[in-house]
Amino acid sequence: MSMTTILLTILGIAVFAVGLLFSIAWHELGHLSTAKLFGIRVPQYMVGFGPTVWSRKRGDTEYGIKAIPAGGYIRMIGMFPPGPDGKLEARSTSPWRGMIEDARSAAFEELEPGDEKRLFYTRKPWKRVIVMFAGPFMNLILAVAIFLGVAMTFGFQTQTTDVAGVQKCVISQSEKRETCKKSDPVSPAKAAGLKVGDKIVAFNGQKIDEWSVLSDKIRDTIGPATITVRRDGQEKTLHAVLQKNAVAKKDSHGEVVPGFVTAGYLGFAARTEIVPLSFGDSVVRMGDMIENGVDSIIALPSKIPALWDAAFNDGERADDSPVGVIGAARIGGEVMNLDVPAQNQVAMMLFLLAGFNLSLFLFNMLPLLPLDGGHIAGALWEALRRNTARVFKRPDPGPFDVARLMPVAYVVAGVFICFTLLVLVADVVNPVKIS
């Protein structure tokens, strides 16, 4: 590995690290700003974990950066209500009960005179929902802003109706070979006289200006077809007989997915170019990205066996395998070493950062403690209980004691830590690479 490659890799990792720190700080700013808006005292706003590298106190909040850039937090007073007896520090011999009491005690350990009206749990449920939702929402805003900005100014690599290459023969894509055999029939495109540089403008007399439309029509046609091309400034009609062949499978969005289907086959390669998207198309593409993100979160448990195999048994690391902070940073280093224009590298780094922020949003919205979604679920449950009691004229049940769920939170945190360590090992020994 050359010194240039090493330096570019370090640069890519550093750029991603800066983007990561900003994303974390941006997330916590959402919690901080809304907490202060609703009069909740926030003693600490920290980016990172571990020893404090730098901090300054402004008002009643200490702002700082810690040594390990793997997360962040704000500390709010009174995250959990007192126990049924109104005490903050009762002791129990039960380890599970001890977890609850420790969490309750920690929520009040920095209580100062006058804080009685600045406690988190005393705020109405809808205000607590806003405070906890504001952090992930900031990540969603950042992801959408980056994605739309890059999509509309830089664009995506898009296939066109221009011919970049003509296949000599018909080869099933499932065979994964490029060399023709004597037994292979001549491809319909070659037999029809299609040439590199032609632009297909119509198929069977219907005007075509998008690759997705042309691809669908080719796949739906087996037998004779007319293809109108623009060559040297003039339109020319070619006659082809499309054949049945095994081609790559596509999903409902037109994206290639694993597997093959039998469909019509012409036999040419479309030219690709980077095309900026309109606002509407960018929004649709962003919607697809969010949908894919939700599907990925749901599919996480099913990917653990393959991830374990990739980490410890030399198994193949799938392109859609879960990637952690280390893996994403390595990808950032690879991006800086790609032999592409600098603007392409910048766009790829921004897309990487947008994807990371979208993942932060989706992950934090899971209704599990200690994630933000768990606190949101607790506040919504409290609102439901109190409103139900009001409708049926029953006594107010009071704040929902989220501290009682702390044993479950520790189990969830343990599972997340184990999963994070598994991804970390896989990212080090068998990383996902740019294809």
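Throughout, numbering of the chain's residues begins at 1 and tracks the sequence. Note that the structure is a prediction, hence the values are computed from the model and not measured.
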Give a yes or no on whether the backbone of [Y] and the side-chain of [X] come within a donor-acceptor separation of less than 3.5 Å.
{"X": "Tyr45", "Y": "Ala25", "value": "yes"}
{"X": "Asp162", "Y": "Arg271", "value": "no"}
{"X": "Asn357", "Y": "Ala143", "value": "no"}
{"X": "Lys66", "Y": "Gly50", "value": "yes"}
{"X": "Asn292", "Y": "Asp288", "value": "yes"}
{"X": "Arg58", "Y": "Tyr63", "value": "no"}
{"X": "Gln345", "Y": "Val335", "value": "yes"}
{"X": "Arg41", "Y": "Arg118", "value": "no"}

Original post:
Do Phe154 and Phe351 make the cut of ring centroids closer than 6.0 angstrom?
Top reply: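 Here the rings of Phe351 and Phe154 have centres that are no less than 6.0 Å from each other.
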To the nearest 0.5 Å, what is the distance between [atom1] ([X]) and [atom2] ([Y])?
{"X": "Leu362", "Y": "Asp295", "atom1": "CG", "atom2": "CG", "answer": "10.5 Å"}
{"X": "Asp309", "Y": "Lys303", "atom1": "CG", "atom2": "NZ", "answer": "15.5 Å"}
{"X": "Ile130", "Y": "Arg123", "atom1": "CD1", "atom2": "CZ", "answer": "13.0 Å"}
{"X": "Phe16", "Y": "Leu353", "atom1": "CZ", "atom2": "CG", "answer": "7.0 Å"}
{"X": "Ile331", "Y": "Ile326", "atom1": "CD1", "atom2": "CD1", "answer": "12.0 Å"}
{"X": "His31", "Y": "His375", "atom1": "NE2", "atom2": "NE2", "answer": "9.0 Å"}

**OP:** Report the C-alpha distance between Ile376 and Met365 in whole Å, list the side-chain angles of each, state the deciding distance to 0.1 Å, and finish with yes or no for side-chain contact (heavy atoms from CB on, under 4.5 Å).
**Re:** CA-CA 8 Å; Ile376 291 172; Met365 289 309 297; 4.0 Å; yes
**OP:** Compare all side-chain heavy atoms of Asn245 with those of Ser172 and state whether any distance is below 4.5 angstrom.
**Re:**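 The answer is yes, as the side chains (C-beta and beyond) meet within the 4.5 Å cut-off.
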Subject >> Chi angles and distances behind the side-chain contact (heavy atoms from CB on, under 4.5 Å) call for Val129, Glu382 >> reply: CA-CA 11 Å; Val129 168; Glu382 177 184 322; over 6 Å; no
Please say whether more than 12 non-hydrogen atoms of neighbouring residues, nucleotides or ligands are located less than 6.0 Å from [atom1] in [X].
{"X": "Lys168", "atom1": "NZ", "result": "no"}
{"X": "Phe416", "atom1": "CZ", "result": "yes"}
{"X": "Asp220", "atom1": "CG", "result": "yes"}
{"X": "Trp26", "atom1": "CH2", "result": "no"}

Original post:
Does a side chain donor of either Glu273 or Thr160 reach within less than 3.5 Å of an acceptor in the other side chain?
Top reply: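 Judged by distance alone, the side chains do not pair up.
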Subject >> Stepwise side-chain hydrogen bond (donor to acceptor under 3.5 Å, both in side chains) check, Ser23 with Asn139 >> reply: CA-CA 7 Å; Ser23 301; Asn139 291 122; 5.2 Å; no
Original post:
Cation-pi between Arg285 and Phe156: NZ/CZ under 6.0 Å from ring centre and within 45° of the ring axis?
Top reply: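 Yes, a cation-pi geometry holds between Arg285 and Phe156.
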**OP:** Apply the test side-chain contact (heavy atoms from CB on, under 4.5 Å) to residues Ile304 and Leu300: give CA-CA distance (whole Å), side-chain angles for both, the deciding distance (0.1 Å), then the verdict.
**Re:** CA-CA 7 Å; Ile304 291 177; Leu300 274 181; over 6 Å; no
